[in-house]
Amino acid sequence: ALALALVICLATPAARADDFPRLAATLAPRDFTVGGAPAESLLVVHYHRAARDYGGWNLWCWPEAGEGAQFAFDREDAFGRTAVVPFARTPGRAGFIVRRGNWEEKDFDQDRFVPLAPGAVTEIWVTSGEAAFTDDPSRIDLSLKVEGAFLDDARTITLALSRPLEPKEQKGVGVFDRRKPSRELRIASMAGDRLVRITLAKEVDAADVAQLEVRFQPKLLGELPPATVYARGVLESDAFVPAADARFGARCTPESTTFATWSPVSDAVDLLLYEPRDAPAPTRTIALARGAKGSWSATVAGDLHGAGYRYRFTAYGETREAPDMWAFAATADSARTVVADLARLEPAGFRTTPAPTVARQTDEILYEIHVRDFSRRHEPTPAAERGTYLGLTRNTAHLHELGVTAVHLLPVHDFTAKADEYNWGYWTTLFNVPESNYATDPRDPFSAVRDLRAAVTALHAAGVRVMLDVVYNH
């Protein structure tokens with residue numbers, strides 16, 4: 001009977017209105033109490049787990065801006081389990097989290113909210129692991145869905161599904177080469193429930209890590225489209241980790257520029273040059289050559305200092321464009337990176353001013369600074385420099401009065417804020433490009449580079465060390 005139910009579910013992805021009946025007609029708020037007082041409204045949460053493993057799972061619910069409480073999934077229906085939450089006074093919204101035990105695990109790690117109305121019974125249907133929920137049971141889809149497929153090492157594919165596979169359904173899963181549709185890779189074993197670990201009989205060649213797809217036999221699994229297998233953990237293997245001395249980005253001299261990037265999953269990488277940098281379309285397109293460990297590079301003759309550029313990546317059957325994540329300069333909107341010969345962007349004293357030192361780490365006195373805030377309202381600072389990198393150098397006497405030995409700058413890496421938009425800086429776009437909003441001339445891609453270097457040089461000359469706040473995993 002269970003196997004038959006699964007087949008029907010696969011063949012009929014959308015539910016009928018009467019598949020999962022509402023409870024509103026059978027429940028009345030007055031039949032429930034809160035602290036001895038009759039309830040004014042109810043929230044009914046229907047919860048579905050594909051594996052039907054409801055042990056320990058409960059609902060944490062609260063009126064918006066109020067205190068939360070635990071409610072049991074103590075009713076059962078065709079969808080799964082149900083919890084009823086009464087409210088003595090109806091809030092505008094109720095928040096909820098489905099959890100296991102006393103916060104041992106969250107089903108979905110985000111607060112979600114439901115609008116409520118006084119005197120009403122509000123019902124929602126929640127499916128495990130899915131962000132969206134619905135108040136319309138006819139929109140429920142419990143059919144098998146592929147949520148992702150990833151190559152985690154040379155022999156292991158992780159297949160994420162909306163529900164576990166039955167043993168006979170596993171026979172309907174196959175791994176193929178997208179370039180050669182008839183080439184099937186032999187599967188040695190398959191284990192897991194919603195996260196299925198597929199172990200291949202042989203390792204996948206380094207050149208093939210972005211060429212795989214998982215296919216499903218319709219007779220066993222319904223009409224599921226093939227799932228592209230995305231290279232994930234395998235990219236952390238020695239076959240793809242660049243050497244410690246690998247140099248990426250655009251390395252510019254008056255004679256030529258070498259462009260290098262890393263994209264082991266790409267079938268092709270093209271350099272799109274914009275000369276001048278505000279040209280409406282690329283003026284030149286140059287193919288990069290594949291190198292070792294997923295690297296790509298090309299050397300272009302001539303002085304490209306100040307030219308705009310982007311990369312075009314072809315991978316997994318799709319083409320995407322992006323600025324260079326290793327670039328040193330970019331346009332104000334971060335849409336195009338800009339070739340920069342850093343030797344031409346050095347302020348006076350940049351190479352000769354030594355960084356101050358402290359005798360012991362415990363002698364350090366740090367001052368955390370937001371670049372804009374430090375000088376925005378400092379009247380002695382010239383108006384054009386307030387809130388900029390150069391503004392950092394206009395009040396070093398105050399730092400000395402405080403005994404500060406080092407300033408800790410909140411992120412100054414390009415974070416793509418709008419002009420004059422306040423931002424803490426943690427939503428980084430280009431880690432090697434100084435943020436243009438702190439430059440004296442945001443329209444000039446080199447202004448931020450020159451100004452930040454000038455500020456660091458001046459602070460060092462004043463005996464103040466400089467530390468940069470950077471968080472790569474935000």
For residues Asn432 and Leu430, determine if any side-chain heavy atom of one lies less than 4.5 Å from a side-chain heavy atom of the other. no
Just how far is it from atom CZ of Arg312 to atom CD1 of Ile286, taken to the nearest 0.5 Å? 11.5 Å
Listed partners of Tyr422 passing side chain to side chain donor-acceptor pair (under 3.5 Å), at least two apart: Asp373
Criterion ring-ring contact (aromatic ring centres under 6.0 Å, His included) against Phe248, the qualifying member of Tyr311, Trp326, Phe259: Trp326
Go through the side-chain N and O atoms of Asp267 and Thr314 and say whether any donor and acceptor fall under 3.5 Å apart. no
Look at the side chain of Asp135 and the backbone N and O of Thr122, then say whether any donor-acceptor pair between them is shorter than 3.5 Å. no
Going by heavy atoms in the side chains, are His370 and Trp424 under 4.5 Å from each other? yes
Testing the 3.5 Å rule here: is there a donor-acceptor pair between the side chains of Asp324 and Tyr309? yes
Sub-4.5 Å side-chain heavy-atom contact between Pro264 and Val209: no
About how many Å separate CZ of Arg52 and CD of Glu76, when rounded to the nearest 0.5 Å? 7.0 Å
Does a side-chain N-to-carboxylate-O contact under 4.0 Å join Asp152 and Arg197? no
Is any side-chain heavy atom of Phe313 less than 4.5 Å from a side-chain heavy atom of Thr261? yes
Could you tell me if the side chain of Phe87 sits less than 4.5 Å from the side chain of Cys61, heavy atoms only? yes
Given side chains that start at C-beta, do those of Val412 and Pro434 come closer than 4.5 Å, heavy atoms only? no
Please report the shortest heavy-atom distance between Arg386 and Arg376, naming the atom on each side. CD-O, 3.6 Å
Are Glu184 and Arg215 within salt-bridge range, i.e. N to O under 4.0 Å? no
Look at the aromatic rings of Trp125 and His46 and report parallel, tilted or perpendicular, splitting at 30° and 60°. parallel
Within the 3.5 Å criterion, strictly below it, is a donor on Asp270 or Thr285 matched to an acceptor on the partner's side chain? no
Sidechain N-carboxylate O distance under 4.0 Å for Glu169, Arg163: yes
With rounding to the nearest 0.5 Å, note down the distance linking CG in Leu116 to CD in Glu40. 10.0 Å
Let me see the working for Phe96 and Phe133 under ring pair (Phe, Tyr, Trp, His ring centres under 6.0 Å), right down to the final yes or no. CA-CA 12 Å; Phe96 74 93; Phe133 57 90; 5.4 Å; yes
Compute the centroid of each ring, for Tyr54 and then for Phe73, and state whether the two points are separated by less than 6.0 Å. no
With a 3.5 Å cut-off and no angle check, do the side chains of Thr134 and Asp136 form a donor-acceptor pair? no
